[in-house]
Amino acid sequence: MSEEEGHEDPYLWMENLDDPRVREFIDKENQRFKEFVGVLPEILIHDVRRYYYMPSIIDGQITDRGIYLLKQRANRFLIELLHWDGEKSTILDSKDIGDDVIVVGIEASDDGRTLAYSFSRAGSDITTVRILDTESNEVIDELVGSIWNIVFLDTNKYYYTKFFRTEKTPDGVEPPASRVFLREEGKDSMVFGEGLGTNYFVGLAPSINRDRSIVVVSYGWSESKIYGGPLEEPSKWVPIFGVEGYPVSPIDYVDGKYYVVAYDGEGMGRVLIVSEDGDAKELIPEDRYPLRHAAMVNSRIIAEYLVEASSILRIYDLNGKLLEEIRPEAPSTISILSRTKDRALLRQETFWVPYKLLLYRDGKFDLIDEFAVRGEYEVLEDYATSKDGTRIHYFLVKKKGTNPNRLLVFGYGGFRIALTPRFLKRFMKFVADGGGFVMANLRGGSEYGEKWHREGMRDKKQNVFDDFIAVLEKLKSEGYKVIAHGRSNGGLLVSAVITQRPDIVDIAVIGYPVIDMLRFHKLYIGRAWIPEYGDPDDPKDREFLLKYSPYHNVKSNLQYPLTLIYTGLHDDRVHPAHALKFTARLKEVNAPVFLRVETKSGHIGADPETRIREIADILAFIYAALLRGAP
């Protein structure tokens, strides 16, 4: 049925969301789904809401006035200011903007008098950025688009990075591409990125002393270069350091030297000191564990390493001497949210702790806020062996004293994204009800360094599927029922697995997925993923893409597991047609497939109540399938 075989795509019309047939298809499938789950969502939604309403910290910024925190609490997003004297004040409540609002990020000036916050409506990647005078609480500026990296120079003067999704850049480069702009008194001028080609992305940050810009120019997810120069003179931002064919990331600029991490060699990350003229000297060599993030505070380097996909911290002096190592008791993810000359703000979370907020100053960590779920939970860790002999680590989360016979197995495997312990907001209800949650650390992520990533991209993507298959096979052999779940690139993962080995999946849950690997680059910003997946217009790449593309590998002689595919009409990153077309193809061969399409959700999510309904429906599907004895 594929174009490769000389036939037109019979469901090409589904790529036009304005086609009346698409709406009719969605309405019919949503009704089928509702009939299948019945009243179960109404039974589950109370507990789902209780867990989802638990507070979480999304972002934080240290300023002279105090710490600005972006939180989700109950059915709203809040920006709060934690004053240095311990008092708290609310700066923004998302409900004052609208019911379908997601606040996605904040940036503050050093003095704390100016705050930028960005929000999305219905989960779209297009955001609105508002600049707030925090003393008068007046909005003094507004931008709309895919806007990143606000860097304040003064109240009415700041840099920002714009991602061009569908239109050409001002210098005529085809999207997707990024450029840096200076906005002054409401007027914009492009100051960096001229001539950078399609699929080049730009990230911008100021140095800790606010005297240098630190710019990262990346091609895809596996190669980058660092630029730098005087913060207020973008014409002098020049290339500082890069290793051809490998990613690099900045730490900071202090005393005339850039501190960077290079992922060459074994790909674990080594810290280098780079002079203004580009000479590099190794400060901290590669370790057996990958270095994921680092920040500089008060002549110390705080470095986060991953040990079996869980964070540890190491503190070094500027001579590269290890001063301290901190290993959390429970498997954790530690994120460095913000840093100044003498302080750093960190967030720690586990599978059952939404957050611990830590402030590093004067050589020690102070706990300034935390929230944990009541109940006793535990994490087990184990390994499966992939087809080529590679050991694949996974976490298994369950209530203490239980022996669950059904496991929700989650995977991703791509784009250098490491799956590390996170609070199970979406699936705590499943675990509380006696199920188990498994997180698999597949190739394609960065859990074990850059080589681990490269072993799961382009023509080696099959490794990712083999890794997940190995985990599922092991769990099945131990007597578990397995629900394979993946979202986005993880949706591709589960879709590929059920078209290759449907026998090892009891229930499949596929969210906001990339599935048609011959046309992903023609839909929305899909062209941006060519460096990771390959180019369908290149005959050599097309060959390996066609070999695993789930949409092109549905067969009539296989028994597919009971499958839910879900997406949102406001997903402007991964086109909903991937989900619609795959559903139609599976229905063609009488596979037991259901489709759920949310009308107020996008790739980054939705407002809390919409997300709660979606989660309740997903769990209802799983519970209904288990109750009805899904094979």
Side-chain angles (χ1 to χ4, degrees), residues 221-222 267 290 308-309 381-396 407-419 438-478 480-510 513-518 520 529 532-534 540-555 558-561 563 582:
W221 288 261
S222 57
E308 303 295 17
E381 299 182 60
D382 206 345
Y383 299 85
T385 303
S386 194
K387 186 177 181 179
D388 63 359
T390 302
R391 276 169 36 109
I392 306 302
H393 172 268
Y394 62 88
F395 298 102
L396 195 164
L407 301 177
L408 184 60
V409 187
F410 186 78
Y412 188 81
F415 295 91
R416 294 190 79 222
I417 293 174
L419 292 191
V438 172
M439 179 184 282
N441 300 121
L442 316 174
R443 280 175 283 188
S446 59
E447 292 92 337
Y448 299 95
E450 177 58 19
K451 281 190 175 181
W452 190 256
H453 167 225
R454 292 178 185 230
E455 285 296 311
M457 59 182 282
R458 293 183 53 81
D459 58 318
K460 296 182 179 179
K461 191 69 177 175
Q462 183 60 41
N463 285 336
V464 185
F465 312 141
D466 290 341
D467 293 351
F468 200 52
I469 287 168
V471 172
L472 296 173
E473 278 187 320
K474 182 175 186 293
L475 296 173
K476 286 286 287 180
S477 72
E478 293 171 351
Y480 294 106
K481 277 188 175 293
V482 297
I483 303 110
H485 178 43
R487 192 180 185 281
S488 188
N489 174 73
L492 168 62
L493 167 72
V494 177
S495 301
V497 168
I498 67 168
T499 55
Q500 294 180 19
R501 288 292 307 278
D503 57 302
I504 58 168
V505 178
D506 293 298
I507 302 166
V509 179
I510 299 166
V514 184
I515 292 180
D516 184 345
M517 300 309 293
L518 298 190
F520 73 85
W529 314 325
E532 182 78 9
Y533 289 140
K540 290 182 179 178
D541 291 2
R542 189 179 181 87
E543 184 178 349
F544 62 72
L545 288 165
L546 181 63
K547 192 173 292 186
Y548 74 77
S549 175
Y551 182 60
H552 299 90
N553 282 280
V554 175
K555 298 179 176 64
L558 293 179
Q559 184 175 346
Y560 292 98
T563 299
F582 192 52

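Here the side chains of Val409 and Tyr394 are not in contact, with every heavy-atom distance at 4.5 Å or above. Here the side chains of Phe468 and Val505 are not in contact, with every heavy-atom distance at 4.5 Å or above. In this structure, the side chains of Pro502 and Gln559 stay at 4.5 Å or more apart for every pair of heavy atoms. Looking at heavy atoms from C-beta onward, Asp506 lies in side-chain contact with Lys476 at the 4.5 angstrom threshold. Side-chain contact between Phe582 and Pro550 is present, with heavy atoms from C-beta onward closer than 4.5 Å. Residues Met517 and Leu492 are in side-chain contact: their nearest non-hydrogen atoms beyond the backbone lie under 4.5 Å apart. Contact annotation: the side chain of Tyr383 never approaches that of Ile392 to less than 4.5 Å [non-hydrogen atoms, C-beta and beyond].
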- With side chain to side chain contact (heavy atoms under 4.5 Å, CB included) as the test, would you mind laying out the steps for Glu308 and Tyr448 before giving the verdict? CA-CA 8 Å; Glu308 303 295 17; Tyr448 299 95; 2.5 Å; yes
- Query: After noting the C-alpha distance and the side-chain angles of Asp516 and His552, does the key distance pass the side chain to side chain contact (heavy atoms under 4.5 Å, CB included) rule?
  - Reply: CA-CA 7 Å; Asp516 184 345; His552 299 90; 3.0 Å; yes
- Run the numbers on Asp388 and Lys460 for salt bridge (Lys or Arg N to Asp or Glu O under 4.0 Å), then give the verdict. CA-CA 12 Å; Asp388 63 359; Lys460 296 182 179 179; over 6 Å; no
- Message: For Glu478 and Lys474: C-alpha separation, side-chain torsions, deciding distance, then whether salt bridge (Lys or Arg N to Asp or Glu O under 4.0 Å) applies.
- Response: CA-CA 6 Å; Glu478 293 171 351; Lys474 182 175 186 293; 2.7 Å; yes
- Query: Stepwise, does the side chain to side chain contact (heavy atoms under 4.5 Å, CB included) test hold for Thr563 with Ile510?
  - Reply: CA-CA 8 Å; Thr563 299; Ile510 299 166; 3.9 Å; yes
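Ring orientation note: the planes of Tyr412 and Phe415 are tilted relative to one another, at an angle of 30° to 60°.
A donor-acceptor pair under 3.5 Å is formed between the side chain of Asn553 and the backbone N or O of Leu546. Using a distance-only test at 3.5 Å, with no hydrogens or angles considered, no donor-acceptor pair links the side chain of Arg443 to the main chain of Asp466. At least one donor-acceptor pair closer than 3.5 Å links the side chain of Trp452 to the backbone N or O of Leu442. Checking side-chain atoms of His485 against main-chain N and O of Val509 turns up a donor-acceptor pair under 3.5 Å. In this structure a side-chain-to-backbone donor-acceptor pair under 3.5 Å is present from Asn489 to Gly413. Side-chain atoms of Ser495 come within 3.5 Å of backbone N or O of Gly491 as a donor-acceptor pair.
Note: Met439 CE to His393 NE2 = 10.5 Å, rounded to the nearest 0.5 Å. Put simply, CG on Leu558 and CZ on Arg501 are 11.0 Å apart, with the number rounded to the nearest 0.5 Å. In this structure, Lys461 NZ and Ser549 OG are separated by 12.5 Å, a value rounded to the nearest 0.5 Å. The CZ atom of Arg416 lies 11.0 Å from the CD atom of Glu447; values are rounded to the nearest 0.5 Å. In this structure, the separation between CD1 on Ile469 and CD1 on Ile498 is 11.5 Å, given to the nearest 0.5 Å. A distance of 10.0 Å separates CD of Glu532 from CZ of Phe520, quoted to the nearest 0.5 Å.
Considering only residues two or more places apart in sequence or on other chains, Asp541 meets the salt bridge (charged side-chain N to carboxylate O under 4.0 Å, His left out) condition with Arg458. Here Lys547 pairs with nothing under the salt bridge (charged side-chain N to carboxylate O under 4.0 Å, His left out) rule; sequence neighbours left out.
The environment of CD in Glu543 is sparse: at most 12 heavy-atom neighbours from other residues, nucleotides or ligands sit within 6.0 Å. More than 12 heavy atoms of other residues, nucleotides or ligands lie within 6.0 Å of NZ in Lys555, so this atom counts as buried by the packing criterion.
Residues Phe544 and Tyr533 share a closest heavy-atom pair of CE1-O, 3.3 Å. Residues Ile507 and Pro561 share a closest heavy-atom pair of N-CB, 4.4 Å. Shortest non-hydrogen contact noted between Ala418 and Ser446 is CB-OG, 3.5 Å.
The only member of Val438, Leu407, Leu408, Val494 that meets side chain to side chain contact (heavy atoms under 4.5 Å, CB included) when paired with Ile483 is Leu408.
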